[in-house]
Amino acid sequence: MVVNIDLFIDILEKNFKSWKAPVADFAPDRGRTVFEILVSTVLSSRTKDEVTIKAVSRLFAVARTPLEILELGEDELAGLIYPVGFYRIKAGNLRKISRIIVREHGGRVPDTMDELLRLPGVGRKTANLVLAQGFGKNAICVDTHVHRISNRIGYVSTKTPEQTERALIKKLPIKHWAGINKLFVGFGQTICRPISPRCGSCPVSSMCPAFI
DNA sequence: AAAACGGGGGC
DNA sequence: GCCCCAGTTTT
């Protein structure tokens, strides 16, 4: 059975129309700067969206730009973003990122994969989200949800997220690239969960080879 | 009490 | 590839 991805995504879009993926939903046209999207995504790694949201609302109330973050002490910064996972490491990374952006990029977030990957705490997931959501570029943000679901439904057969990204770039129609992360995060947190997925209330179970 | 959750980096 | 990094939520 080969899933019809256009139909699959179409059904999901209808069913998750009102669902808001907190961090994946951040975008310039929703009042976020690219730098805020970058910071939110760095903080969201290995932590739940709800926790990230609380952390960034506290942080952004005090500092919204690289220069403002650099004015905070590292302990103060760590206190503001607590309790995201690895908050001490991330506080250090945030200062380094801010310093690099100020010193090497004229205060603006770089818009290429190469430059983004040089920022500490930024990997492919974060870089691709910034490129897609922040700069409106054609990039696919493969997080654990996109990776898991793409494999579970048999659309790709890959071991690492990077392999998934390459497979999706080949197979997935480009019109779905920007939206796939937000859509699959919502679907993956509520229905297609890692453990004990709620197949009983899944709108696409009839198309799914993993349907239990 | 234990396992599950979600990326990046160093080796 | 393997293993480490910290905290909250779910079982």
Does CZ in R108(A) sit with more than 12 non-hydrogen atoms of other residues, nucleotides or ligands closer than 6.0 Å?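 12 or below, so no.
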
How many whole angstroms separate atom [atom1] of [X] from atom [atom2] of [N]?
X: I89(A); N: dG7(B); atom1: CD1; atom2: C1'; value: 11 Å
X: I195(A); N: dA3(B); atom1: CD1; atom2: C1'; value: 9 Å
X: E50(A); N: dT9(C); atom1: CD; atom2: C1'; value: 10 Å
X: R88(A); N: dG9(B); atom1: CZ; atom2: P; value: 20 Å
X: K48(A); N: dG7(B); atom1: NZ; atom2: P; value: 10 Å
X: H145(A); N: dC5(B); atom1: NE2; atom2: C1'; value: 9 Å
X: L43(A); N: dG8(B); atom1: CG; atom2: P; value: 12 Å
X: R193(A); N: dA3(B); atom1: CZ; atom2: C1'; value: 15 Å

Which nucleotide, [options], lies nearest any side-chain atom of [X]?
X: D143(A); options: dA6(C), dT8(C), dG7(B); result: dG7(B)
X: S45(A); options: dT8(C), dC5(B), dG7(B); result: dG7(B)
X: P83(A); options: dG7(B), dT8(C), dC5(B); result: dT8(C)
X: F86(A); options: dA4(B), dG7(C), dG7(B); result: dG7(B)

Could you tell me whether a side-chain N or O of R193(A) sits under 3.5 Å from a main-chain N or O of G188(A), the two making a donor and an acceptor?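 Looks like no, no N/O pair under 3.5 Å.
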
Quiz question: by atom type and distance under 3.5 Å, do the side chains of [X] and [Y] form a donor-acceptor pair?
X: K90(A); Y: T47(A); result: no
X: N151(A); Y: S157(A); result: no
X: T164(A); Y: S150(A); result: no
X: H145(A); Y: N181(A); result: no

With nearest nucleotide decided by heavy atoms, which residue, T47(A) or N93(A), maps closer to the 5′ end of DNA chain B?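 It is T47(A) whose nearest nucleotide is closer to the 5' end.
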
Residues touching DNA chain B, which here means a heavy atom under 4.0 Å, drawn from residues 146-162 of chain A: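 Nothing qualifies; none.
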
DNA chain B-proximal residues of residues 112-139 of chain A, any heavy atom under 4.0 Å: L119(A), P120(A), G121(A), V122(A), G123(A), R124(A), K125(A), T126(A)

Run the numbers on R148(A) and D143(A) for salt bridge (Lys or Arg N to Asp or Glu O under 4.0 Å), then give the verdict. CA-CA 9 Å; R148(A) 179 185 67 259; D143(A) 62 7; over 6 Å; no

Just how far is it from atom CD of E68(A) to atom CG of L59(A), taken to the nearest 0.5 Å? 9.5 Å

Would you call I100(A) and P120(A) a side-chain contact if the rule is heavy atoms closer than 4.5 Å? yes

Considering heavy-atom distances to DNA chain C, does S196(A) or Y82(A) have its closest nucleotide positioned more toward the 5' end? Y82(A)

